[in-house]
Amino acid sequence: MGLRETKKQQTRTAIADAALPLFLAHGFDRVTVAEIARHAGVSTNTVFNYFPTKEDLFFDRQSEVEQYLAALVDPLPPGACCPAAAIRDDLCAALERGDPALGLGPDAAEFFRTIEASPALRAREREIGERIETALATALPPSPTAPLLAGALAGLHRATLRELRHRILSGDPPPTAATALTTAATAAFALLCPCERA
């Protein structure tokens with residue numbers, strides 16, 4: 001990465017890092033882009049150059065998230081017999097290590113509450129889910145069943161994360177929630193894995 005690209009990435013990160021604490025403290029809908037720009041030390045136009053919408057600021061890793069499941073199955077990692085096994089193994093490993101990207105970090109409850117309180121963020125979250133499913137369908141071997149399998153796999157992954165959110169917002173300690181969901185997800189993904197039925 002050249003100097004110019006490095007500087008652009010640093011600016012993007014600085015803007016996102018300034019935005020998230022404001023969203024968590026005041027709520028997504030109450031924070032303006034002008035406030036974020038002020039905290040990041042840039043102009044409002046600069047913020048919009050990097051993040052076309054305020055929702056993009058909150059979900060600043062959106063494009064990475066949308067391609068994540070697709071990258072797990074294309075190609076299948078060594079030892080994974082099928083797409084269901086690849087996604088299950090990755091999800092369970094992330095739960096077991098307490099991965100903050102799943103919502104197991106110290107600010108997880110505040111992050112989840114911010115989403116739940118904002119219709120705009122909930123709508124964007126649904127759009128991200130649809131794009132994850134579309135990317136996964138494209139990454140699976142072409143067949144008439146690929147879109148259906150993608151829907152089942154992405155839906156099960158999403159349901160696991162939704163249950164994790166519910167448990168954390170209900171007061172479960174993240175390690176307790178993660179352990180319970182590792183067991184449940186392992187059993188649920190086995191239903192979609194032909195190796196498990198062999």
Partner residues of Thr32 under the side chain to side chain donor-acceptor pair (under 3.5 Å) criterion, sequence neighbours left out: Glu35
Residue set satisfying salt bridge (charged side-chain N to carboxylate O under 4.0 Å, His left out) with Glu116, at least two apart, ordered chain then number -> Arg165
So which heavy atom on Val31 is nearest to which on Lys54, and how close? O-NZ, 2.7 Å
With a 3.5 Å cut-off and sequence neighbours excluded, list the donor-acceptor pairs that the side chains of residues 41-48 form with protein atoms.
from, atom 1, to, atom 2, distance (Å)
Ser43, OG, Thr46, N, 3.0
Ser43, OG, Thr46, OG1, 2.9

Side-chain touch Leu95/Leu104, heavy atoms, less than 4.5 angstrom: yes
To the nearest 0.5 Å, what is the distance between CD (Glu55) and CD (Glu125)? 12.5 Å
With side chains defined as the heavy atoms from C-beta onward, is the minimum distance between Arg131 and Gln67 less than 4.5 Å? no
Quick one: side chains of residues 74-93, donor-acceptor pairs under 3.5 Å with protein atoms, not counting sequence neighbours, listed by atom name and distance.
from, atom 1, to, atom 2, distance (Å)
Arg88, NH1, Glu196, OE2, 3.0
Asp90, OD1, Tyr68, OH, 2.9
Asp90, OD2, Tyr68, OH, 3.0

Sequence neighbours excluded, which residues qualify as side chain to side chain donor-acceptor pair (under 3.5 Å) partners of Arg167? Glu163
Inter-residue atom distance Thr11.OG1 - Asn49.CG, 0.5 Å rounding: 10.5 Å
How would you list, by chain and number, every residue that makes a salt bridge (charged side-chain N to carboxylate O under 4.0 Å, His left out) with Asp17, sequence neighbours excluded? none
side-chain contact (heavy atoms from CB on, under 4.5 Å) assessment of Phe112 paired with His166: CA-CA 9 Å; Phe112 291 148; His166 172 73; over 6 Å; no
Close side-chain approach of Phe59 and Val65, heavy atoms under 4.5 Å: no
Go through the structure and list residues passing salt bridge (charged side-chain N to carboxylate O under 4.0 Å, His left out) with Lys8, not counting sequence neighbours. Glu5
Can you name the salt bridge (charged side-chain N to carboxylate O under 4.0 Å, His left out) partners of Asp56, sequence neighbours left out? Arg124
Salt bridge (charged side-chain N to carboxylate O under 4.0 Å, His left out): which pairs involve residues 93-108, sequence neighbours left out? Arg97-Asp99
Do Leu153 and Val73 come close enough that some side-chain heavy atom pair is under 4.5 Å? no
Under 4.5 Å between any side-chain heavy atoms of Phe58 and Phe51, yes or no? no
Atom pair CD (Gln62) and CD1 (Ile128), whose distance is rounded to the nearest 0.5 Å: 4.0 Å
On a heavy-atom basis, the closest approach of Leu136 and Ala154 is CD2-N, 4.1 Å
Closest non-hydrogen atom pair between Pro119 and Asp29, with its separation: CD-OD2, 4.0 Å
Result block: side-chain N/O donor-acceptor pairs under 3.5 angstrom for residues 138-146, not counting sequence neighbours:
from, atom 1, to, atom 2, distance (Å)
Thr138, OG1, Thr134, O, 3.0
Ser143, OG, Thr145, N, 3.2
Ser143, OG, Thr145, OG1, 2.9
Ser143, OG, Ala146, N, 3.2

Any chain of hydrophobic side-chain contacts (each under 4.5 Å) joining Leu169 to Leu161? yes
Is the backbone of Thr182 close enough, under 3.5 Å, to the side chain of Thr186 for a donor and an acceptor to pair up by distance? yes
Rounded to the nearest 0.5 Å, what separation is found between the CG atom of Asp60 and the CG atom of Leu20? 7.5 Å
Does anything in residues 75-85 form a salt bridge (charged side-chain N to carboxylate O under 4.0 Å, His left out)? List the pairs, not counting sequence neighbours. none
Within the side chain of Ser118, is there an N or O that forms a donor-acceptor pair under 3.5 Å with the backbone of Thr114? no
Between Lys7 and Gly2, is there a donor-acceptor pair closer than 3.5 Å when you use the side chain of the first and the backbone of the second? no
Given side chains that start at C-beta, do those of Phe23 and Leu121 come closer than 4.5 Å, heavy atoms only? no
Compare every heavy atom of Arg12 with every heavy atom of Tyr50, then report the nearest pair and how far apart it is. CD2-CB, 3.7 Å
Is any side-chain heavy atom of Glu133 less than 4.5 Å from a side-chain heavy atom of Arg158? yes
Which residues pass the side chain to side chain donor-acceptor pair (under 3.5 Å) test with Thr13, sequence neighbours left out? Gln9
Can you tell me if Arg122 has over 12 outside heavy atoms packed within less than 6.0 Å of its CZ? yes
